[in-house]
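As the structure is a computational prediction, the values presented were derived from the model and not from experiment.
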Number of protein chains: 2
Amino acid sequence: MRALHADTGYLLYRLGLHSGRLFNATLEEFGLRLRHYAMLRYLATVEGALQRELSERLGYDPSAIVSLVDDLQSLGLVERQPAPGDRRSRVVVLTERGAEVLRDTDKGSRRVTEQLLAPLDPAERETLQQLLARVAESARD
Amino acid sequence: MRALHADTGYLLYRLGLHSGRLFNATLEEFGLRLRHYAMLRYLATVEGALQRELSERLGYDPSAIVSLVDDLQSLGLVERQPAPGDRRSRVVVLTERGAEVLRDTDKGSRRVTEQLLAPLDPAERETLQQLLARVAESARD
DNA sequence: CAGCAACTATTGACGACAACAATTATTGGT
DNA sequence: ACCAATAATTGTTGTCGTCAATAGTTGCTG
């Protein structure tokens, strides 16, 4: 019987857990979880998104989006604005304070990735990034 | 602001979630979760392990080991045997039925990894496996 | 233009899971 | 004989993923 860690799928699962733990540990001081950080990061790239879009892009259930936006809104990091032309939707936008916090937390995020990839040299890191990106791309059915 | 999926750490986190979901989906018909499968796989390589060892090797909390072994025992896939020389410990061993189920589930497991790595050719898969193994090794402090 | 199906955000429920404290029984050392 | 360390267990707490149900809104279609 081959060993369990010889299985790439299982290895991905375990490293994913580990990576999430590292992220959450560094985000703890900001009162944020990885999910919040992911949302802030995404909002910084688009300047306003419907909650439905956040659900699709981030891969979280719509009900999860609601409480995540609630959290960030109560911290003053995002705002819900009425969507032009559709009263069902809300546009979530990053506040000035949200952009600041994002800049701060980004340092910690880079440290986490640095720590994870410590045993790899720059060329290997790039290779890993490319391979993972292709796997992720094909997984996004 | 660079995109979120340009971050290898976050990519690992997301792929880990995805990989876990795929595993759990194929294990569902056997009434098992990924954690159970991991334990069965490990037990098949060692022929008997203390619960403390399972906790260390699989990276799960001792309390989690208790309920996992409970589950597998109630399905008749493993047994708790008295540990020779130490009445505190129990030796967990795979039953005949456990070995059968493991053989069956292993097919599904290979399908999952195959599905995950579909976009990569054999050489790339090997590269990815090696890189991930090194990252995992350094993560096991 | 009336009605109906589809959609957006929301609430609530449930089980899985991680992390941790506390307890019981047992061991090994002094 | 005592005491610190250890193995398994129980229980608690918070996070998370998944799913069902609802209210309000929109746009299509007959």
Main-chain N/O of [Y] paired with [X] side-chain donor or acceptor, under 3.5 Å:
| X | Y | result |
| --- | --- | --- |
| B:Arg41 | B:Asp106 | no |
| B:Ser55 | B:Tyr60 | yes |
| B:Thr45 | B:Tyr42 | yes |
| A:Arg134 | B:Pro119 | yes |
| B:Glu124 | B:Asp121 | yes |

Whole Å only: how far is the [atom1] atom of [X] from the [atom2] atom of [N]?
| X | N | atom1 | atom2 | answer |
| --- | --- | --- | --- | --- |
| A:Asp70 | C:dT8 | CG | P | 19 Å |
| B:Leu32 | C:dA16 | CG | P | 13 Å |
| A:Ile65 | C:dG12 | CD1 | C1' | 18 Å |
| A:Asn24 | C:dC17 | CG | P | 18 Å |
| B:Glu28 | C:dA16 | CD | C1' | 13 Å |
| A:Leu27 | D:dG14 | CG | P | 20 Å |
| B:Asp71 | C:dG15 | CG | P | 14 Å |
| B:Leu54 | D:dA7 | CG | C1' | 12 Å |

key: DNA chain D-proximal residues of residues 57-64 of chain A, any heavy atom under 4.0 Å   =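 Close to the strand are A:Asp61, A:Ser63.
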For [X] and [N], is the shortest distance between a side-chain N/O and OP1 or OP2 below 4.0 Å?
| X | N | value |
| --- | --- | --- |
| B:Arg52 | D:dT6 | no |
| A:Arg33 | D:dG14 | no |
| A:Arg80 | C:dT10 | yes |

request  = Kindly write out the residues that satisfy side chain to side chain contact (heavy atoms under 4.5 Å, CB included) with B:Ala118, not counting sequence neighbours, or none if the list is empty.
outcome  =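 Here no residue qualifies.
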key: Residues in side chain to side chain contact (heavy atoms under 4.5 Å, CB included) contact with B:Arg97, at least two apart in sequence or another chain   =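 B:Arg97 satisfies side chain to side chain contact (heavy atoms under 4.5 Å, CB included) with B:Leu77, B:Thr95, B:Glu100, B:Val101 only.
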request  = Assign B:Leu17 to base, sugar-phosphate, or nothing according to its heavy-atom contacts below 4.0 angstrom with the strands shown.
outcome  =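 Since only primed, P, OP1 and OP2 atoms lie under 4.0 Å of B:Leu17, the category is sugar-phosphate.
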key: Residue mapping more 5' on DNA chain D - nearest nucleotide basis, B:Leu50 or A:Leu34   =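 Residue closer to the 5' terminus by nearest nucleotide: B:Leu50.
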key: Listed partners of B:Tyr10 passing ring-ring contact (aromatic ring centres under 6.0 Å, His included), at least two apart   =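 Checked B:Tyr10 against ring-ring contact (aromatic ring centres under 6.0 Å, His included); matches are B:Tyr13.
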message = So if I take every side-chain heavy atom of B:Ser89 and compare against D:dA8, C:dA9, C:dA16, which nucleotide ends up nearest?
response =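 In terms of side-chain proximity for B:Ser89, the closest of D:dA8, C:dA9, C:dA16 is D:dA8.
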Taking N or O atoms only and anything under 3.5 Å, show me the protein contacts with nucleotides 23-26 of chain C, one pair per line.
{"from": "C:dT26", "atom 1": "O2", "to": "B:Arg88", "atom 2": "NH1", "distance (Å)": "3.4"}

key: Qualifying residues under side-chain hydrogen bond (donor to acceptor under 3.5 Å, both in side chains), relative to A:Arg125, sequence neighbours excluded   =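 Once residues adjacent in sequence are excluded, the partners of A:Arg125 under the side-chain hydrogen bond (donor to acceptor under 3.5 Å, both in side chains) criterion are A:Glu114.
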